[in-house]
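Inspection log for the structure reproduced underneath, given as structure tokens.
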Amino acid sequence: MESLETKSSSGYGKPPWIFRGSALYQLHLVKAEKARACIPKEFKLVEAFGYTLGGFFLASYEDSPVGVFDELVVIAGLVWNRPTSCAWATKVYVNNKEACSHGRKEVGLPSQVATFSKQTITAVSKQSESRSGFLNTIQIGSSFRNSNDQQNVQVTKIKSLDAEDTCNTSLTSPVPALKFDHWMGPKIGMSLPSFSGGTVFNPNLLKYSCQIECRVQPVKPLKVSREFPLANVDDDKEQQSLQDYGGGSSHVNKDHKNEIQNLSTYVMLSKPILALRFNQMKMQVEAPIVLYQCSNSFETSNVSSVP
């Protein structure tokens with residue numbers, strides 16, 4: 001990973017930076033006490049009834065300043081900074097080294113390099129399997145199965161290349177039938193001011209603007225599974241450690257990093273409430289501005305924000 005720290009992100013050129021492709025924004029209910037632990041003290045968590053809105057942003061960029069790449073952003077919750085609020089991320093995974101370096105240095109994101117593998121699988125419903133078993137007993141075979149009993153699903157597997165990061169996530173989503181492919185939702189434009197920084201690579205707290213044009217389509221939430229479960233950590237001890245870390249401790253040790261990784265896992269496995277697909281997306285990202293200047297000793301290397 002040393003090469004990422006020294007490599008220039010000059011391939012991005014001057015801002016604004018333009019990204020084109022598609023994305024899925026999935027919102028989850030996240031316990032406020034857990035999300036608050038990784039939010040810098042300069043920001044206030046937006047919460048109601050003990051919960052905030054977290055989730056993840058999964059993007060596939062067909063065109064960008066550094067070409068084609070994929071990105072997964074794990075969002076801990078919403079933070080408030082008058083006059084608006086935005087998402088605050090605890091982890092960002094990309095499969096492009098230059099995108100990782102640019103995200104870390106220029107935008108203040110907690111980026112990691114990861115592999116993204118995608119495959120489409122044909123799944124047979126349980127009802128179909130049961131009926132097929134009966135048909136086989138009378139030697140009619142499976143050729144009479146109803147094609148509607150089969151469904152294609154796309155499985156995206158994401159694995160961090162950082163030895164200290166245990167991310168090994170599978171995201172499963174149904175593949176829409178052809179007859180629905182022509183409908184991608186209404187075309188909209190939106191502005192998403194975002195906050196970032198507070199990392200070992202960029203300790204300042206930043207604000208930047210994202211202008212998005214896309215077609216928005218509600219979809220069924222992706223199913224999330226993890227190969228490595230959460231570590232068995234007592235909730236009170238975990239919460240205290242996260243509070244110490246989120247409060248701006250100048251010493252970031254392995255235990256603190258593990259706690260943040262546990263938070264990312266918790267967010268991914270929390271309850272989804274809404275999933276939106278951004279089709280034909282164009283995202284324009286402006287250069288960040290500094291909100292709060294922090295010393296280099298402020299090494300909260302795994303917290304930041306994205307749209």
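All values below were derived from every heavy atom in this structure, side-chain atoms included, with hydrogens, water molecules and symmetry-related copies excluded. One is the number of the first residue; the rest follow in order along the sequence.
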Margin query: Just checking Phe116: does its CZ atom have more than 12 heavy atoms from other residues, nucleotides or ligands closer to it than 6.0 angstrom?
Written below: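 Count over threshold, so yes.
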
Would you say [X] and [Y] make side-chain contact, with heavy atoms under 4.5 Å?
X: Lys157; Y: Ser170; result: yes
X: Leu269; Y: Val224; result: yes
X: Tyr12; Y: Val66; result: yes
X: Ile121; Y: Val155; result: yes
X: Pro40; Y: Leu205; result: yes
X: Leu171; Y: Lys118; result: no
X: Ser191; Y: Ser209; result: yes
X: Leu274; Y: Gln26; result: no

[atom1]-[atom2] distance between [X] and [Y], expressed to the nearest 0.5 angstrom:
X: Asn96; Y: Ser64; atom1: CG; atom2: OG; result: 6.5 Å
X: Lys31; Y: Lys271; atom1: NZ; atom2: NZ; result: 14.0 Å
X: Glu213; Y: Ile188; atom1: CD; atom2: CD1; result: 10.5 Å
X: Ile75; Y: Lys91; atom1: CD1; atom2: NZ; result: 15.0 Å
X: Glu106; Y: Ser196; atom1: CD; atom2: OG; result: 11.0 Å
X: Arg277; Y: Leu58; atom1: CZ; atom2: CG; result: 8.0 Å

To check you understand the geometry: which heavy-atom pair defines the closest contact between [X] and [Y], and what is its length?
X: Gly185; Y: Arg215; answer: O-NH1, 3.2 Å
X: Pro15; Y: Ala287; answer: CG-CB, 3.5 Å
X: Ala32; Y: Leu45; answer: O-CD2, 3.5 Å
X: Pro65; Y: Ile18; answer: CD-O, 3.2 Å
X: Tyr208; Y: Glu286; answer: CB-O, 3.7 Å
X: Val267; Y: His28; answer: O-ND1, 3.3 Å

Check: Is it true that the NZ or CZ of Lys34 lies under 6.0 Å from the centre of Tyr266's six-membered ring and within 45 degrees of the ring axis?
Finding: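 Yes, Lys34 and Tyr266 form such a contact.
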
Next item on the list: Apply side-chain contact (heavy atoms from CB on, under 4.5 Å) to Ala23 and list each qualifying residue two or more places apart in sequence or on a separate chain.
Entry: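 Expected list: Phe57, Ala59, Phe278, Met281.
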
Check: Given the rule in the side chain to side chain contact (heavy atoms under 4.5 Å, CB included) test, do Leu161 and Lys97 qualify, once you have shown the distances and angles that lead to the verdict?
Finding: CA-CA 11 Å; Leu161 299 185; Lys97 289 184 178 181; over 6 Å; no

Check: In terms of ring plane angle, is the pair Phe69 and Phe19 parallel, tilted or perpendicular, where the classes change at 30° and 60°?
Finding: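 Aromatic pair Phe69/Phe19 classed perpendicular.
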
Quiz question: by atom type and distance under 3.5 Å, do the side chains of [X] and [Y] form a donor-acceptor pair?
X: Thr122; Y: Asn152; result: yes
X: Ser173; Y: Gln154; result: no
X: Arg226; Y: Thr169; result: yes
X: Tyr93; Y: Asp70; result: no
X: Gln119; Y: Ser117; result: no

Check: So, do Trp80 and Phe43 have ring centers that fall under 6.0 Å from each other?
Finding: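 Between Trp80 and Phe43, the centre distance exceeds or equals 6.0 Å.
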
Is [X] reaching over with its side chain to a backbone N or O of [Y], donor-acceptor style, under 3.5 angstrom?
X: Asn95; Y: Ala114; result: no
X: Asn204; Y: Leu206; result: no
X: Ser160; Y: Thr166; result: no
X: Gln284; Y: Pro16; result: no

Notebook entry, point to check: Do Gln211 and Met283 pass the side chain to side chain contact (heavy atoms under 4.5 Å, CB included) test, and can you show the C-alpha distance, the side-chain angles, and the key distance before you say yes or no?
Noted result: CA-CA 6 Å; Gln211 306 294 330; Met283 181 170 67; over 6 Å; no

Check: Yes or no on side chain to side chain contact (heavy atoms under 4.5 Å, CB included) for Val219 and Leu24, after CA distance, side-chain angles and deciding distance?
Finding: CA-CA 9 Å; Val219 295; Leu24 182 131; 3.6 Å; yes

Notebook entry, point to check: Any link between Val68 and Val73 through a network of hydrophobic side chains (Ile, Leu, Val, Met, Phe, Trp, Tyr) touching at under 4.5 Å?
Noted result: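 No; Val73 is not reachable from Val68 via cluster members.
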
Margin query: The test is side chain to side chain contact (heavy atoms under 4.5 Å, CB included); show your working for Arg104 and Ser111 and say whether it passes.
Written below: CA-CA 6 Å; Arg104 286 175 170 182; Ser111 300; 4.1 Å; yes

Notebook entry, point to check: Sequence neighbours excluded, which residues qualify as salt bridge (charged side-chain N to carboxylate O under 4.0 Å, His left out) partners of Lys282?
Noted result: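 Per chain and number, Lys282 pairs via salt bridge (charged side-chain N to carboxylate O under 4.0 Å, His left out) with no residue.
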
